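In this text, all values refer to a predicted model and were calculated from it rather than measured experimentally.
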Amino acid sequence: MVFPGRVASSVDVLFHEAEDGESVLLNLQSEQYFPLDDIGTRVWQLPAATPDFSVVMTHFLDEYDLDEATLRQDMVALLNKMAAAGLVNLEG
């Protein structure tokens, strides 16, 4: 599992957020959809404003009452899935 220093969205991705906070990503190259719940949507949105992973973690810890170790593990797992689908680029 790659632990990123920085996260950047791929240029070949379209993002659409529904009214309920959930969203869907479309990889334009592979034409595959990637659904996100409301937390996944925040994971997608925060790096666009702040690509530094440690800052993103701090935002999540401030917004939600979460255990830091569990949050880190879950976010890294999601970001690695997104990277494998060509949705984000992870930099060490």
Side-chain angles (χ1 to χ4, degrees):
M1 195 176 295
V2 174
F3 182 82
R6 296 178 64 80
V7 179
S9 60
S10 173
V11 295
D12 295 321
V13 177
L14 289 180
F15 169 78
H16 176 74
E17 186 174 2
E19 291 180 20
D20 59 3
E22 295 184 356
S23 61
V24 65
L25 304 174
L26 170 63
N27 182 323
L28 296 173
Q29 287 186 350
S30 68
E31 298 181 354
Q32 292 185 332
Y33 286 94
F34 195 91
L36 297 171
D37 62 12
D38 57 332
I39 301 290
T41 299
R42 289 294 292 147
V43 171
W44 175 259
Q45 292 170 329
L46 278 174
T50 311
D52 185 305
F53 183 73
S54 63
V55 175
V56 172
M57 283 288 299
T58 300
H59 279 284
F60 266 88
L61 291 170
D62 289 345
E63 285 183 38
Y64 302 99
D65 183 26
L66 300 168
D67 171 67
E68 184 175 352
T70 302
L71 173 62
R72 183 178 304 278
Q73 180 180 356
D74 291 349
M75 283 186 64
V76 169
L78 176 59
L79 290 170
N80 276 280
K81 285 182 186 177
M82 293 170 99
L87 303 170
V88 297
N89 299 309
L90 305 179
E91 301 171 12

- Got a sec, which residues hit ring-ring contact (aromatic ring centres under 6.0 Å, His included) with Phe34, two or more places apart in sequence or on another chain? none
- Message: Minimum heavy-atom separation for Val88 and Leu79, please, with both atom names.
- Response: CG2-O, 3.7 Å
Donor-acceptor contacts under 3.5 Å from residues 53-60 side chains, at least two apart:
unit_1 : atom_1 : unit_2 : atom_2 : d
Ser54  : OG     : Asp52  : OD1    : 2.5
Thr58  : OG1    : Ser54  : O      : 3.0

- Message: I need the Arg72 CZ to Asp74 CG distance, nearest 0.5 Å.
- Response: 12.0 Å
- Task: Just grab all the ring pair (Phe, Tyr, Trp, His ring centres under 6.0 Å) pairs involving residues 65-87, residues at least two apart or on different chains.
- Result: none
- Taking all atoms of both residues into account, what is the closest heavy-atom pair of Gly86 and Ser10, and its distance? O-CB, 3.3 Å
- Query: To the nearest 0.5 Å, what is the distance between CE (Met75) and CE (Met82)?
  - Reply: 10.0 Å
- Task: Any salt bridge (charged side-chain N to carboxylate O under 4.0 Å, His left out) involving residues 39-49? Give me the pairs, sequence neighbours left out, ordered by first then second residue.
- Result: Arg42-Glu63
- The side chain to side chain donor-acceptor pair (under 3.5 Å) partners of Thr41 (sequence neighbours excluded) come to Ser23
- Message: Less than 4.5 Å apart, side chain to side chain, heavy atoms only: is that true for Val43 and Leu36?
- Response: no
- Query: Is there a path of hydrophobic side-chain contacts, each under 4.5 Å between heavy atoms of I, L, V, M, F, W or Y residues, that connects Leu87 with Val11?
  - Reply: no
What pairs of donor and acceptor atoms, side-chain ones from residues 12-21 against any protein atom, are under 3.5 angstrom apart with sequence neighbours left out?
unit_1 : atom_1 : unit_2 : atom_2 : d
Asp12  : OD2    : Gln29  : NE2    : 2.8
Glu17  : OE1    : Gln45  : NE2    : 3.0
Asp20  : OD1    : Glu22  : N      : 3.0

